[in-house]
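Since the structure comes first, as structure tokens, the remarks are kept for the end.
Keep in mind that this is a model prediction, so the values were computed, not measured. Residue numbers begin at 1 in each chain, while the letters A, B, ... track the order of the sequences.
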Amino acid sequence: MDDSKFWPQGVKRCKPGMFIAWLLLPLALGGWATLSAFLCLYKGLNQTNMNDYFAFGVWIVVDLAIIALGAGAFFTGYLTYVLRRHELKNIINAAVIIGFICYSGAILMLGIDIGQPARGWFGFWHANVHSMLTEVMFCITTYAIVLIVEFVPLILENRQISKVPDLAIFAHHLHRIMIVFAATGTFLSFFHQGSLGGMFGVLYARPFAFRTGYMIWPWTFFLFILSAIASGPSFTTLIVMWTEKMSGRQLTSHSVKMLMGKISGFLLIFYMVLKTADTAYWANVTLPNMGLTMGDLYKQGPYGEWLLWVELGLCGWLPAIMLMFQKVRETYGLLALAMILNCSGAVFNRFVFTIQSLAIPVLPFENFASYLPSWQEWGISAGVIAYGLLLFSLAYRYLPVFPQEAELNK
Amino acid sequence: MNWDRRAFVKFAVGAVVGLHASPLIPKLMDDSAIWTQNWSWVPNPEDGGLAFANTVNPATGTGVRVRLIKGRMMGERIIRVEGNPEHPLSQGGVVPADASAVQLLYNDEVRVAAPLVRDKKTGMYREITWQQALDMVGGKLAELAKAGKAHTVVALGDEADSIHGQILSRFMAAYGSPNLAFAPRADDTLALAAWALTGQTDVGFDLMNASYVVSFGTPLLEGFGAPVAVRKAFVEWKKSKGALVQVEPRVSVTASQAGTFLACKPGTEALVALGMAAVMAEQGLADESATSAYGYAEFKAALAKDYNPKKVAELSGVPADKIVAVAKAFAKSPKAVAVCGPGPGGDPGRLADFMAVMALNGLKGNLGKPGGVAARKPLGLKALGEPANVDKPRLDGGKKGMKPANALALAQAALAGQPYKAGMVLVAGGNPAYAGPQAGVMSEFLSSAPFVVAITPLLDETAALADLVLPGTTFLEGWTDCRSSYGSPVSSYGLARPLVKPYAQAKTVGDALLALAAKLGGAVAGALPFASVEEALKAQTAPLGDLAELAKKSYFVQDKPAYGPFAFKTPSGKLEFHSQNLAALTGKNSDGAALPHWEKPAALAHGDGHALAMAAVPSLRSATGFQPLTPHMLKVLDGNTLRHKDELVVEINPKTAAEMHLAEDSMIVVTSAVGSVDARVHLYAGAAPGMVFMPTGLGHGAVSDAYTLGKGGNFYRVAEAAADSLSGLPTWGLTRVTVTKRG
Amino acid sequence: MSANKGEHRFGMVIDLDKCTGCGACSVACMSENNIGTLLDETDKIRSITWLRVYQIDNGKAFPDTQIAFIPRPCQHCEGSHGHHTPCVSVCPATATDYDETTGIVSQIPTRCIGCRYCVGACPYHARYFNWFDVPWPKGAERGLSPFVSPRMRGVVEKCTFCYHRYQRAKNKAFLEGGSVGEKDYQTACTEACPSGAITFGDLNNPKHKVHELAKNPLAFRLLERLGTNTKVYYVSQRDWVQRKLDNYLAGEKLPVKAAS
């Protein structure tokens with residue numbers, strides 16, 4: 001079996017057998033996810049270990065995390081098309097694919113996470129304009145459509161597909177108006193990244209999550225945007241680096257990665273300053289007004305203050321400072337490490353806001369309940385990762401994702 | 001076609017518009033919305049005309065109101081049992097057992113629909129007709145009678161006073177067996193205690209009008225008397241700033257609400273009462289009516305010798321100064337009353353304990369006075385008639401005609417074949433295989449008896465051991481009645497009538513017995529000349545007026561206690577501290593045996609240092625005795641009662657637990673001389689050290705529904721019942737247990 | 001949008017010194033509102049109890065231990081302005097709403113998409129998600145009330161202050177010409193309580209008992225400091241019980257004593 005005629009022009013790919021062998025991993029995970037999804041839809045959410053105290057579980061953490069990490073798509077798009085940073089054209093395709101994977105994956109997951117998937121559209125039909133979640137639903141769905149539009153021309157650029165004249169023209173036209181979509185995407189993304197943060201910040205009866213803010217927007221609204229655009233480019237770059245390791249081929253020049261690292265770093269510094277200020281204000285003003293100290297919220301079960309140090313220190317300030325140094329950015333390994341820490345910080349942040357917010361009892365006489373996801377929940381989560389692996393592997397193999405690849409591997 | 005930008009835009013717009021113009025999207029949306037609202041497995045209760053009807057729940061004594069819906073398809077059905085605001089005692093309130101009673105009525109999975117014959121080998125049931133069932137039982141009875149073994153038939157009932165209990169009594173007497181026992185109740189112990197000291201048997205405590213109440217372990221707020229009536233009264237009483245002293249070894253709800261809590265060692269409540277009595281006698285605080293009573297000097301001497309505060313403090317753990325203070329306050333309060341029983345877990349209590357508390361009331365001189373001990377005015381019902389005496393030895397060794405019989409002793413004697421074995425057992429109400437007394441013995445007795453008939457609405461533990469199960473009714477679908485509840489100072493009568501058609505072929509216990517009597521004919525039929533329970537009730541309630549009218553109202557309650565001098569029915573004609581009645585009954589007259597006294601509970605009398613004393617946790621959330629636990633009651637049990645799907649939780653004091661290397665949630669086995677049960681530890685600071693407190697009403701086995709089946713362990717399997725030294729009734733207030741780790 | 005725009009503000013005053021924790025309110029609520037039983041009801045974080053009765057203690061050792069009970073229905077928050085309850089403001093599908101005319105936080109299970117955002121938003125754990133299809137026993141449908149629809153799996157439900165009773169009372173008042181009086185509209189739990197610990201009525205109506213009771217200096221609301229502005233008041237003379245109703249910093253809360 002030879003699929004080389006589908007490969008992008010001028011590049012080499014591994015043997016089909018090897019590729020299929022690699023795909024067995026995502027396919028196996030996908031099988032696990034399919035079984036989990038069937039059980040959850042057929043038997044209901046009692047298949048999860050979520051409960052009335054942990055109304056949100058690992059799914060929402062994964063959702064928020066991948067949406068934050070997928071922010072590389074809109075932000076790189078914004079820099080590439082709107083701010084015209086042309087060197088980023090070398091990585092924008094990867095960013096778009098990752099964004100598409102993250103957003104469509106998140107939507108698929110949400111479809112299982114809600115108790116009545118058949119009524120998912122009620123959020124649009126009976127929309128409550130006061131709800132941050134409504135904003136999230138609208139923006140994510142619309143942005144997913146934008147991502148499809150951004151992704152389609154890339155698919156059409158496949159060597160064989162582009163031979164069909166009509167499709168080539170279609171792709172061409174789409175390309176020409178891409179700036180419109182990039183701008184739309186940026187606008188939408190800004191809002192829903194913010195709304196996702198707002199979702200937690202507005203929970204004024206949940207002291208752990210609640211934040212004061214500006215007008216109707218709690219500080220988490222802005223912080224989530226910042227942390228998403230700070231970690232998104234890092235995540236995109238990390239995936240590219242991983243693909244390089246897997247394929248043994250350099251895909252973008254190191255300067256592109258360094259630029260992504262620099263963008264990430266500066267945004268992360270900015271984010272960390274604000275996040276630290278926010279945390280200090282919350283601990284010293286917001287919480288005491290509710291009759292609580294920060295210590296009260298970090299004493300339940302495993303949710304100790306170590307979480308704060310890991311999120312803000314190890315995965316916050318440390319990568320931020322690391323990325324400031326040219327030396328670090330120049331070194332492949334250190335750049336990757338800083339980016340991993342940066343992304344972990346974003347994931348940690350989403351985890352803490354989703355899980356710890358709910359885990360800390362608010363009523364003085366309420367008990368701490370513990371939660372560990374069931375295998376079905378892990379299955380769906382693994383499924384999203386498998387979906388990403390599968391899609392990205394196929395895209396890498398058959399689509400001209402990296403314009404520099406042929407050049408760099410001559 | 002040429003793809004230029006126009007064509008592209010046209011195509012895109014056309015596709016979107018086309019899709020939206022088609023009915024596809026709205027149709028799918030509409031369908032999905034409707035579909036999720038109409039899942040076939042989500043019930044859709046039928047609407048219909050709403051009606052209300054009053055009745056009474058004999059299990060709780062609560063006056064209730066029922067909501068009925070009459071629909072076209074399903075007919076008339078009860079959707080709710082709620083309080084009857086017109087009922088003078090319960091005033092619209094309910095307890096969980098009332099509010100969830102419908103769940104026992106409408107649950108086809110646990111209701112007995114038709115007479116069932118159980119195959120002894122396979123345990124499988126086979127439906128037969130009522131006619132066949134009556135033939136079967138009638139045939140057996142006739143056969144035994146013919147063989148001269150009529151007296152070997154044993155009957156177990158639930159309430160002796162109810163119409164069904166009376167029919168059962170007459171049935172057994174006329175048939176020729178003396179072996180009839182009802183579920184032991186504290187009412188019997190209280191009646192005996194009152195009878196010993198005053199000769200009266202029908203007494204109550206006028207708590208409402210008392211300004212100072214000392215409760216000796218009485219769960220005033222957790223199941224004392226008719227629980228709703230008691231709490232309605234309690235709230236009113238608290239407004240008048242009355243003082244409540246609670247004496248018991250556990251911080252119960254009552255103890256938490258009491259102004260003074262005297263924490264005593266297990267089983268020493270009555271000892272504290274005698275300590276108080278000693279203070280009153282010694283300091284000349286006893287009422288004049290008491291000092292002139294029969295045997296006062298003897299009692300006073302005994303109090304000074306054995307029950308002085310110092311000695312009592314040592315044994316009970318209650319500081320002497322507190323005993324003295326409470327005794328003085330009790331004596332000086334214008335209207336003070338001491339109240340006793342029922343013990344937790346439905347324990348009928350020890351006669352000596354009850355006598356001690358009654359003696360304290362005697363010393364206070366509050367008999368017949370407002371805020372004291374009241375003699376209840378007779379209701380004026382026309383009893384069906386005293387059953388004939390049966391001239392055969394009773395299995396439990398009780399004297400001829402003496403009520404009540406000890407069901408446990410009866411079962412034990414029958415098991416041993418001393419003086420004879422049971423020829424047949426008729427369980428007419430109740431669930432002795434679950435609730436005992438001493439569930440293990442009762443189960444063994446039922447499994448070994450040659451032929452067991454159970455009349456029960458539910459497929460319960462007793463039904464699981466019966467050879468023939470007859471479908472009984474709940475109070476919502478058949479005639480039944482109930483008398484004044486425990487401790488109430490006023491007499492009351494509750495009447496329940498069928499509000500809906502009985503489930504399938506269900507019959508009330510009385511109707512089943514009447515049908516059987518008709519089948520047997522002869523003396524039995526002669527003793528029960530009623531076509532139905534309704535007719536029997538008509539005869540009984542004739543003095544109260546028309547049955548239909550009374551049934552509609554559902555209750556008769558005397559408006560206030562009958563105050564006035566006590567009519568002492570003692571040999572001396574006055575209050576007797578040295579009870580001649582008791583001496584005659586027990587045959588013991590010397591050594592203070594006929595005086596109010598305290599005996600160390602058998603459970604504490606021996607055993608090694610590791611053993612703990614076990615008592616039941618009184619609670620209105622869980623069920624007591626044979627009353628079934630409803631699914632909704634199970635829902636309100638918290639983690640201090642039941643945990644981890646089906647684990648029973650027992651309370652242990654944190655210090656005691658630490659000494660035994662037990663922690664919260666430790667897996668343990670609680671073992672007594674008669675049985676054991678698995679449990680988890682809950683460290684409860686309010687539990688007395690050295691004790692284990694166990695909830696009741698759990699651990700149902702057999703064929704009970706999926707909600708309650710196997711949830712927790714059965715207290716009555718561990719609780720050791722022993723015949724009280726004075727009353728001969730089984731008591732299970734305290735059990736010596738060992739606690740070992742498992743797992 | 002301002003507070004108290006409507007004519008009524010239905011609320012509750014619960015006397016914790018009267019409550020004996022028997023659970024009658026909770027069970028009466030279950031039978032009134034067709035609440036089912038799951039096979040494992042010890043799983044309290046998935047079991048549905050619109051009105052849950054919590055047990056608290058004073059933390060002291062034997063024999064100075066004391067216990068008390070806190071019945072917790074939905075608190076029917078008002079927030080800083082009507083719609084701003086923790087839950088109503090977050091529901092994406094308008095499946096829960098703040099009724100400006102009654103102050104009742106409604107729940108429409110047939111519109112709920114089951115996202116559980118409201119469950120997470122409520123600090124009182126008053127909102128319950130149907131993790132399971134209720135395993136009604138055979139025949140149980142005969143005992144169900146036609147006035148409240150049984151819920152399907154995958155939706156959120158909660159205490160509605162027996163809103164269907166208010167609707168019936170309103171209909172009756174309309175037909176008979178008159179208005180809904182205090183006695184005409186009472187919740188199932190209020191009626192059931194054998195200790196009379198629960199009082200229900202219109203907080204805005206001076207003729208209703210709750211109007212005065214809520215003004216008692218001994219009346220506190222659960223987590224009042226969060227600004228949820230609830231309509232369920234708790235009365236207790238006991239200092240340790242008062243302290244358990246909200247979060248306080250060390251040395252912040254002074255006991256409130258009865259005026260008498």
Top contributor to chain A contacts, counting heavy-atom pairs under 4.5 Å, from C/Ser89, C/Pro92, C/Gly114, C/Cys77: C/Pro92

Toward chain C: residues of residues 199-208 of chain A with heavy atoms under 4.5 Å: A/Met199, A/Phe200, A/Val202, A/Leu203, A/Tyr204, A/Ala205, A/Arg206, A/Pro207

Between A/Leu358, A/Thr293, A/Thr48, the one whose heavy-atom pairs under 4.5 Å with chain C are most numerous: A/Thr48

Under the ring pair (Phe, Tyr, Trp, His ring centres under 6.0 Å) test, residues paired with A/Tyr371 that sit two or more places apart: A/Phe54

Candidates C/Ile56, C/Leu223, C/Leu245 - the one meeting side chain to side chain contact (heavy atoms under 4.5 Å, CB included) with A/Pro364: C/Leu223

Chain A neighbours within residues 42-50 of chain C, where any heavy atom lies under 4.5 Å away: C/Ile45, C/Arg46, C/Ser47

Expected list for residues 103-115 of chain A: side-chain donor-acceptor pairs under 3.5 angstrom, two or more places apart:
residue, atom, partner, partner atom, Å
A/Tyr103, OH, A/His192, NE2, 2.5
A/Tyr103, OH, A/Gln193, NE2, 3.2
A/Ser104, OG, A/Phe100, O, 2.6
A/Ser104, OG, A/Ile101, O, 3.4
A/Ser104, OG, A/Tyr387, OH, 2.4
A/Asp113, OD1, C/Arg116, NH2, 2.4

Heavy-atom check, side chain of C/Tyr117 versus side chain of A/Met132, under 4.5 Å: yes

Heavy-atom pairs under 4.5 Å with chain A, option from C/Tyr124, C/Trp131, C/Phe132, C/Tyr128 with the top count: C/Trp131

side-chain contact (heavy atoms from CB on, under 4.5 Å) evaluation trace for C/Leu222 with A/Phe365: CA-CA 11 Å; C/Leu222 276 183; A/Phe365 47 84; 3.8 Å; yes

Backbone N/O of C/Cys91 and side chain of A/Asn128: donor-acceptor pair under 3.5 Å: yes

Under 3.5 Å donor-acceptor, C/Asp246 side chain and A/Leu363 backbone: no

Note, C/Phe129 side chain near A/Leu45 side chain (heavy atom, < 4.5 Å): yes

C/Val119 backbone acceptor or donor facing A/Asp52 side chain under 3.5 Å: no

Short side-chain donor-acceptor distance under 3.5 Å, A/Glu366 and C/Tyr54: yes

Side-chain donor or acceptor of A/Arg119 paired with backbone N/O of C/Cys112 under 3.5 Å: yes

Choice from A/Pro117, A/Ala369, A/Gly120, A/Pro288 maximising heavy atom contacts with chain C below 4.5 Å: A/Pro288

Which of C/Arg243, C/Arg111, C/Gln55, C/Glu224 touches chain A most, by non-hydrogen pairs under 4.5 Å: C/Arg111

